[in-house]
Amino acid sequence: MDGAAAAAAIRHRTVEANGIAMHVAECGGEEETSPRAVVVFLHGFPELWYSWRHQMEHLAARGYRCVAPDLRGYGGTGAPPDVASYSAFHVVGDVVALLDALGLAKVFVVGHDWGAIIAWYLCLFRPDRVTALVNTSVAFMRHIFIRAGAAAVKPTDFFNRTYGPTYYICRFQEPGVAEKEFSPANARYIVRQILCNRFTSEAAGGAKPPAAADEEPLPPWLTEADVDQFASEFERTGFTGAINYYRNMDWNWELAAPWADAKVAVPTRFVVGDGDLTYHYPGIQDYIHKGGFKADVPLLEDVVVIPGAGHFIQQEKADEVSNHIYDFISKFV
């Protein structure tokens, strides 16, 4: 089923949660509230619930109820104006409040990019609400997520020292600066450029496009209708809410200090593409494959590295990712 057909099977509603209106997409098992039959999907930047269309269709066909919100600041979900309203505490609070509003005590969670970061924090702060986790793209990185130890370095300082001040995370910090680069008027070009370039640091910019930019062919996993789905929302909302997540990285790091020595005590599978920018951070592959990751996530069952996949792995390798999710969570049903 293509993206448009899969989207047609989706139910949409707005749920009041944690003081904001959350747009939620759902499919499958409408009346099902068993904690072992509900999967909550958390998207990343610059995306929407729609990023999970393939996985939602796949799991709904196998009896699962799938729930995918637009995160705060994105799409049809409320976008508070205060930068500080996008902390990990706020966004994890949104997820917990959404579960409460839907009457779900405990669920499977699947995350990607910023959604993966929020999922890691959720599993640290409220492991009682998560049956098992499948996270993609972004591994648990204690030194980035949590202030721990006397030698701790703020995340923005780490990225500035490692990649320099032009790195997109560094450029995003000053309110107003990134907004000039990420104009809603150029949303279609921005989304297309980021998706097609698999989110290299160079592709994260939204400068005025060359005349022929929209004539460049899309990769086979992405259609013009898919680009339209993302672009139409960002043309309407702009990118400020999404960028505000990056502006809270240092604050999240401070807020999480009470969990400095905590482990992620949730059964976990991690899936990453071998071409993902996040899989090439300095030292990250040694951390993932030589024991550090397992030490921080003791219930990590396995790491799946998908050859030929970039950052947007759940769209680029939709069937493989769907199968990895289903195979893992079915063990708990």
Side-chain angles (χ1 to χ4, degrees), residues 1-3 5-7 9-11 24-44 49-69 95-96 98-99 102-113 115-116 118-120 122-124 126-140 221 263-273 288-289 293-294 297-307 309 312-333:
M1 185 182 296
D2 62 24
I10 302 292
R11 305 183 298 271
V24 180
E26 298 178 83
C27 69
E30 188 168 7
E31 302 303 322
E32 181 58 73
T33 58
S34 166
R36 293 191 175 186
V38 182
V39 186
V40 174
F41 295 89
L42 305 177
H43 69 79
W49 73 268
Y50 186 78
S51 299
W52 296 110
R53 61 199 179 277
H54 304 297
Q55 288 72 40
M56 294 175 75
E57 177 209 351
H58 185 94
L59 292 176
R62 288 155 179 78
Y64 289 86
R65 178 182 174 189
C66 299
V67 178
V95 177
V96 172
L98 175 63
L99 299 186
L102 298 180
L104 302 172
K106 202 169 185 179
V107 296
F108 295 109
V109 175
V110 180
H112 171 256
D113 187 78
I118 296 305
W120 290 126
L122 172 65
C123 291
L124 275 179
R126 294 300 306 271
D128 58 305
R129 306 304 296 265
V130 184
T131 302
L133 170 69
V134 179
N135 247 356
T136 68
S137 180
V138 180
F140 183 80
W221 52 269
K263 309 291 185 181
V264 177
V266 171
T268 300
R269 168 173 283 178
F270 181 66
V271 183
V272 66
I288 289 173
H289 298 294
F293 194 14
K294 178 71 172 177
V297 187
L299 299 182
L300 177 70
E301 296 203 6
D302 60 352
V303 172
V304 178
V305 181
I306 297 182
F312 297 96
I313 191 169
Q314 79 273 45
Q315 298 181 77
E316 296 177 38
K317 302 291 184 180
D319 289 344
E320 288 182 61
V321 171
S322 296
N323 286 329
H324 284 306
I325 295 169
Y326 176 71
D327 290 346
F328 183 66
I329 68 176
S330 63
K331 295 189 292 185
F332 300 89
V333 175

> Locate the shortest heavy-atom distance separating M56 from C27; write the atom from each residue and the value.
O-SG, 3.4 Å

> Do the non-hydrogen side-chain atoms of N323 and H58 ever get within less than 4.5 Å of each other?
yes

> For atom CG of D128, is the number of surrounding heavy atoms from other residues, nucleotides or ligands below 6.0 Å larger than 12?
yes

> In sequence, state the C-alpha distance, the side-chain angles, and the governing distance for R126 and L99, and then conclude on side chain to side chain contact (heavy atoms under 4.5 Å, CB included).
CA-CA 12 Å; R126 294 300 306 271; L99 299 186; over 6 Å; no

> Nearest 0.5 Å please: distance from the CG atom of D113 over to the OG atom of S51.
9.5 Å

> Specify the closest pair of heavy atoms between L42 and P69, including all atoms of both residues, with the distance to one decimal.
CD2-CG, 4.3 Å

> Decide yes or no for L124 and V264: does some side-chain heavy atom of the first lie under 4.5 Å from some side-chain heavy atom of the second?
yes

> Could you report the tightest heavy-atom contact between V271 and R269, atom names first, then the distance?
CG2-CG, 4.1 Å

> Within the 4.5 Å heavy-atom criterion, are V321 and I306 side-chain neighbours or not?
yes

> Would you check if the side chain of R129 reaches a backbone N or O of L104 as a donor-acceptor pair within less than 3.5 Å?
yes

> Determine the interplanar angle of the F140 and W120 rings, folded into 0 to 90°, and report it as parallel if under 30°, tilted if 30 to 60°, perpendicular if over 60°.
perpendicular

> Between CZ of F328 and CD of E301, what distance do you get to the nearest 0.5 Å?
4.5 Å

> Tell me, do P267 and F108 make a side-chain contact under 4.5 Å, heavy atoms counted?
no

> Is any side-chain heavy atom of L59 closer than 4.5 Å to a side-chain heavy atom of Y326?
yes

> Going by heavy atoms in the side chains, are V40 and V67 under 4.5 Å from each other?
yes

> Do the ring planes of F41 and W52 sit parallel (below 30°), tilted (30 to 60°) or perpendicular (above 60°)?
tilted

> Looking at NZ of K317 and NE2 of H324, how far apart are the two atoms once the value is rounded to the nearest 0.5 Å?
11.0 Å

> For V272 versus I313, what's the shortest heavy-atom pair and its separation?
C-CD1, 3.5 Å

> Please test Y50 against H43 for side chain to side chain contact (heavy atoms under 4.5 Å, CB included), starting from the C-alpha separation and ending with a verdict.
CA-CA 8 Å; Y50 186 78; H43 69 79; over 6 Å; no

> When rounded to the nearest 0.5 angstrom, what is the spacing between CD in Q55 and CD in Q315?
8.0 Å

> A116 and T136: which non-hydrogen atoms are nearest, and at how many Å?
CB-O, 3.5 Å

> Looking at K106 and P127, what are the two nearest heavy atoms and their distance?
CE-O, 4.3 Å

> Quick one, V110 and Q314 - any side-chain contact, counting heavy atoms below 4.5 Å?
no

> Could you grab the distance from atom CZ of F270 to atom CD1 of I288, nearest 0.5 Å is fine?
5.0 Å

> Could you grab the distance from atom CZ of R53 to atom SG of C66, nearest 0.5 Å is fine?
14.5 Å

